Amino acid sequence: MPLLENDLNEEQAPAVLAPDGPALVLAGAGSGKTRVLTYRAAHLLAKGVPPPRMLLLTFTKKASQVMQSRLAHLMGSNLIVPWSGTFHHVGYRLIREFGHRIGIDGTRTLLDREDQRDLIKEIRDEVCGPGASEEGIPPAATLQGILSLSSNLLKSPEELVRSRFPWLIPSLQPVLEISLRYATAKSLYRVLDFDDLLILWLRLLEEHPETGSLLRDRFRHILVDEYQDTNPLQSRILDHLARASRNLFVVGDDSQSIYSFRGAEIENILTFQDRYPEARLFRLEKNYRSTPNILNLANKIILHNQRQIPKTLYSPRPSADHPVLVRMFSDADQSRFVQRTIEQLLDRGKEPGEIAVLYRAHYLSLPLQIALARARIPFHLTSGLKFYEQAHIKDVLSFLRILENSRDQAAWKRLLRMIPKVGRKTAESVLDHLSKEEHPIRALSDSAFLKAFRGAVRDGLSKAGSRLGDLLRLKEEDPQNIPRIIVHILESGYEEHVHETFDDPDSRIADILALSAQIPPENDLSGFLAELALLDAGSEDQDEEDRKNRIILSTIHQAKGLEWDTVFLLSLNDGVFPSNKSKDIEDQLEEERRLFYVAVTRARHDLYLCVPSVTGYGGGSPLPPSRFLAEIGQEHVSERIYDSWND
């Protein structure tokens, strides 16, 4: 294949042209793993492997489409590998074809995530009754996560609760009952969830020998992208499929294994050569993305992990400036520094879409979003909703908006829907009554007003009136003490609502507390809400072209696989990065270090590592620099102090 060989470097070619048998391609960041996987498929096709005998597995639909397109271009035709796609996509097709062999016919409906959660909530209410939250039973979203992880980790719900959710052990029996009823309901309603697609695929291989043999014969060559992100269920499926041919070609990077919270298991890639002793190992260490200075820092970071397959990234590019370690006093200074530096970069002609700001947790972007909006610098969040657009934050803001304007219909609608037994029609009825009142907040504490409603609705409205009355008094006492008002919203009932309504309630409560900590002390309620309106300006949907003209703000998890000329990494403090939950547990600390490695290797040319001394406004809480900075050593960074007073 001279054409293919001419397109590959000295590391890529041996992997692409390897003989049949198992192979692990350890592809460092920016080393061309997609090229290797695509060219390997092209090489096999050129050797005469029929397209239907090849299984090409990716983790996203987009990745599959990109590979198919490149493959067709390479082969000079409209060739398509018919069995190419995500694990779930392939699993769905196989269940449609063979499910009847294990008692699952192909007419079953596939539940989306929202439908699945609704079904679990219905069962939870049947098992536990309306007082479930007071009894410590987790909300439906949390139960959904537990059941999904149980499948993907190949553990029973009981094993999973005991190992990963020990605080739920007192509620173990109701959780197990919900799990059993959920399985029964799926069978009764003839539906499947996404995790069933992989569980049933595995059952076809393990419980029906004829089907297992047929699939092993059908898929003579199996190619897998992002192998470090596979979970135990996916790994077991792959090992079954490759049992006969041993033609399992996997591409991945253990140093970029950062999704254990989703069930990804780094042991799959670390033990690949134990399970396949004859496997060839290929290292792709030539990085085409970053400067040698950035790669030196990345290599030094990952060196401190014990559980890894060693590799050393290097670059053919000329040396450049060292990454810059910037020390500043506060979060506000950090946002000011990033905003000012971005303005300077833009003035020099840098494209906005080539600048990214990355962070460990979404709430860390909050002050920067305000700073960029003030400076009229457009930005796009790849990390999901803007901080203020998240449901739990909008809930809290609805209280604040009513305190500022008791005629705010949208805020009232949101607040009323938080009251038990108040649906859309009841909320409209309450709003109609409130619109006729001179003082809507006071009306909720007026027995004459409440007579129009009955039972639980009346009680809920009365409690809401009492809560709003307390908040109004706090506002009148000190209009600028918004953090105090927000904390009181939490303590007077909203914290219970979070636990009842959302998954990961602790992180959402942390978001709300972070919100209170990040509000500048000079802002009164009116000024603060005006800042939010400024944030919303220009936040309409953007097409791909428009996003190129915006600064990128992203969590590191969402940034994996992407790259930019200039990267800012926020809040490198112990307790933030590494996180408080992870810093004292070795396995988790190693994953945090891998996350840091991923963040650093997103940068092509310029990298800024930001270290505020305190977090939060009004003095905040002092936090030491991240331990990862000490591990890097001073020789790989240039340090500077940023003082906003002299800016």
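What you are looking at is a predicted structure, and each value in this text was computed from that prediction instead of being measured.
- Shown here for Phe379 and Ala373, the closest heavy-atom pair between the two residues is CE2-N, 4.3 Å.
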Report the C-alpha distance between Asp195 and Ser148 in whole Å, list the side-chain angles of each, state the deciding distance to 0.1 Å, and finish with yes or no for side-chain hydrogen bond (donor to acceptor under 3.5 Å, both in side chains). CA-CA 6 Å; Asp195 301 310; Ser148 179; 2.9 Å; yes
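- The CD1 atom of Ile419 sits 7.5 Å away from atom CG of Leu444, with the distance rounded to the nearest 0.5 Å.
- Between the Arg414 side chain and the Ala410 main chain, no donor and acceptor come within less than 3.5 Å of each other.
- Evaluated for a side chain to side chain contact (heavy atoms under 4.5 Å, CB included) with Phe628, the options Asp574, Leu595, Leu589 yield exactly one hit, Leu589.
- A salt bridge between Lys560 and Asp229 is present, with a side-chain N of the basic residue lying under 4.0 Å from a carboxylate O of the acidic one.
- Residues Phe261 and His557 place their aromatic rings such that the two centres sit under 6.0 Å apart.
- By the 6.0 Å and 45° rule, Arg594 does not stack over the aromatic ring of Tyr597.
- When all heavy atoms of Ser179 and Pro157 are compared, the closest pair comes out as OG-CG, 3.5 Å.
- With hydrogens and angles left out, the side-chain atoms of Glu591 and Ser260 include a donor and acceptor closer than 3.5 Å.
- In this structure, a donor-acceptor pair under 3.5 Å is absent between the side chains of Gln588 and Glu590.
- Checking Asp333 against Tyr642 by side-chain atom types alone, no donor-acceptor pair falls below 3.5 Å.
- Considering CD of Glu354 and CG of Leu345, their distance stands at 11.5 Å, rounded to 0.5 Å.
- Proximity of the aromatic rings of Phe59 and Phe87 is defined here by a centroid distance below 6.0 angstrom, and this criterion is met.
- For the 3.5 Å distance criterion, the side chains of Asn231 and Tyr259 fail to qualify, holding no donor opposite an acceptor.
- Salt bridge status for Lys350 with Asp565: present, with a side-chain N to carboxylate O gap under 4.0 Å.
- Side-chain contact between Leu416 and Thr426: absent, with no pair of heavy atoms (C-beta onward) separated by less than 4.5 Å.
- Judged purely by distance below 3.5 Å, without hydrogens or angles, the side chains of Gln339 and Glu343 pair a donor atom with an acceptor atom.
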